[in-house]
S.K.: 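After the structure tokens below, expect a handful of questions from me.
Remember, it's 1-based here, ligands and their atoms both numbered in the order they're listed. FYI, side chains are in, hydrogens and waters are out, and symmetry mates aren't considered; it's all heavy atoms of this structure.
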Amino acid sequence: MYQVPREVLEIAEDIKTMKIRGAGKIARSVARALRIAAERYRGSGEEFKEYMEHVARILLNTRPTAVSLPNAVMFVMNRLRNSTGSLEELRRIVIESANEFIEKSLEAVKKIAEYGARMISDGDVIVTHCHSSVAVSVIVEAHRQGKKIKVFSDETRPKFQGRITSTQLAEAGVDVTIVPDSAMRLIVKKADKVIVGADAIASNGALVNKIGTSQLALAAHEADVMFLVAAETYKFSPMTLVGELVKIELRDPTEVVSKEWLENNPGIRVLNPAFDVTPPEYIDAIITERGVIPPHAAVLILSESFGWAMREYIMKGLEESEE
Ligand code: RUB
């Protein structure tokens, strides 16, 4: 079997255990891992592509929901799959593609912060959920522009990502209050806007994000509060164009209750879904680096970004059916 660099395996493990978390960071870390794998490869030219496929599989098997992960792998690996040349040429293609993905991703976050901040008004009360680095960037940018805003961040049990959000906002000087998840319906009634991030956007504009997002969207809908999603276009899921559903990750029960509690209560099962789906009807707009779109325009982003992949997928299917 192939010798995979320790650092690459560590990145995969850190994604699994959520030391590296959040869809954007996961995608950039995966691109970095592919780059490291290519840089450190010491085998033959003939085996390089197969070795890289092996590394890609390791990375793909870490967390199932954030579509940014397979999209980052596809961005790098597709260029490699479609290239021929010496080992050094192929290695360079992987390194350059990975760097390009990381650069584009960081640029996208900056653009979204700029577009999103325009949608925030002076005096706004904003609610957010979990920790989305993009949603935080939008809020921080609006604050930097001198808009006086107040933010409510929920705890986001069981992993408490809301604490990361609150810490980052407080460090940036934003007025932030942390509240229990169960207080959100009460809190959202006092808000002007809700802003959350995305792990995946389906072709019909549905949002897959941290568990509890759909409940918050429902409460915002009821209270007539604007519900915004901040998402780079590499979080849009091409496979939903052909009807595939985004897989919802089920995590370990011990994130919810202790191992000891579980052992003492053998008759009780614990379910720990990490994400949920918010229907497009509850979303007012998705802020992307290409502009602000209504959720139903997600299919246009997908056909622009991944039309080529769909063509390849369909052609492959046709070829196979002819065989
Ligand atoms: C994180 C989460 C975030 C999105 C977007 O879930 O749901 O809202 O990933 O994050 P987890 P970002 O903590 O389980 O990874 O905007 O940083 O890409």
Side-chain angles (χ1 to χ4, degrees), residues 11-32 59 62-72 101-102 104-117 126-141 151 153-169 172 181 184 194-202 206-217 227-237 246-252 255-256 272-278 283 286-289:
I11 291 173
E13 193 53 27
D14 286 352
I15 294 173
K16 255 188 214 163
T17 57
M18 291 176 65
K19 227 190 222 171
I20 296 174
R21 47 148 302 282
K25 200 165 181 194
I26 289 174
R28 289 188 291 277
S29 303
V30 157
R32 188 161 58 84
L59 296 165
T62 49
R63 285 190 83 186
T65 303
V67 168
S68 54
L69 194 165
N71 282 348
F101 180 86
I102 294 168
K104 278 192 169 160
S105 159
L106 294 171
E107 269 168 30
V109 175
K110 267 197 210 147
K111 274 258 169 272
I112 294 171
E114 189 190 316
Y115 298 154
I126 295 168
V127 167
T128 190
H129 174 58
C130 192
H131 171 256
S132 154
S133 48
V134 192
V136 166
S137 303
V138 170
I139 297 168
V140 169
E141 178 56 23
V151 178
S153 156
D154 63 14
E155 290 179 298
T156 319
R157 282 171 186 260
K159 297 285 283 180
F160 297 101
Q161 291 94 326
R163 293 178 185 169
I164 310 173
T165 301
S166 305
T167 309
Q168 289 186 354
L169 290 176
D181 299 339
M184 282 314 240
V194 175
I195 302 185
V196 295
D199 277 83
I201 308 268
L207 162 71
V208 182
N209 193 49
K210 179 54 55 193
I211 192 81
T213 303
S214 66
Q215 227 165 269
L216 178 57
F227 189 90
L228 301 170
V229 180
E232 307 90 302
T233 52
Y234 57 81
K235 291 175 182 165
F236 286 58
S237 165
V246 176
K247 191 165 178 224
I248 301 293
E249 179 180 16
L250 287 178
R251 292 191 63 86
D252 204 87
E255 287 182 354
V256 181
N272 184 18
F275 300 96
D276 64 19
V277 182
T278 300
I283 300 168
I286 305 175
I287 310 160
T288 79
E289 73 276 20

S.K.: Is Glu107 paired with Lys110 through a side-chain N to carboxylate O contact shorter than 4.0 Å?
M.R.: no
S.K.: Only one of Lys159, Gln161, Gln168, Lys210 clears side-chain hydrogen bond (donor to acceptor under 3.5 Å, both in side chains) with His131; which?
M.R.: Gln168
S.K.: Please tabulate protein-ligand N/O pairs under 3.5 Å for ligand 1, atom names and distances to 0.1 Å.
M.R.:
residue	atom	partner	partner atom	Å
ligand 1	7 (O)	Asp199	OD1	2.8
ligand 1	7 (O)	Asn209	OD1	3.0
ligand 1	7 (O)	Lys210	N	3.3
ligand 1	8 (O)	Asn209	OD1	2.7
ligand 1	9 (O)	Ala23	N	2.8
ligand 1	9 (O)	Asp199	OD1	2.9
ligand 1	9 (O)	Asp199	OD2	3.3
ligand 1	13 (O)	Arg21	NE	2.5
ligand 1	13 (O)	Arg21	NH2	3.2
ligand 1	13 (O)	Gln161	NE2	2.8
ligand 1	14 (O)	Arg63	NH1	3.3
ligand 1	14 (O)	Arg63	NH2	2.9
ligand 1	14 (O)	Lys210	NZ	2.7
ligand 1	15 (O)	Gly22	N	3.0
ligand 1	15 (O)	Arg63	NH1	2.9
ligand 1	16 (O)	Ser132	OG	2.7
ligand 1	16 (O)	Ser133	N	3.2
ligand 1	16 (O)	Val134	N	3.2
ligand 1	17 (O)	Ser133	N	2.7
ligand 1	17 (O)	Ser133	OG	2.5
ligand 1	18 (O)	Ala23	N	3.4
ligand 1	18 (O)	Gly24	N	2.7
ligand 1	18 (O)	Lys235	NZ	2.7

S.K.: Between Leu250, Leu207, Ile248, which is the residue that forms a side chain to side chain contact (heavy atoms under 4.5 Å, CB included) with Phe275?
M.R.: Ile248
S.K.: Hydrogens and angles aside, do Asp199 and Thr65 bring a side-chain donor and acceptor to less than 3.5 Å of each other?
M.R.: no
S.K.: Checking side chain to side chain contact (heavy atoms under 4.5 Å, CB included) between Thr213 and each of Thr278, Val229, Thr156, which is the one that passes?
M.R.: Thr278
S.K.: Can you spot which of Glu255, Arg251, Glu249 makes a side-chain hydrogen bond (donor to acceptor under 3.5 Å, both in side chains) with Asn272?
M.R.: Glu255
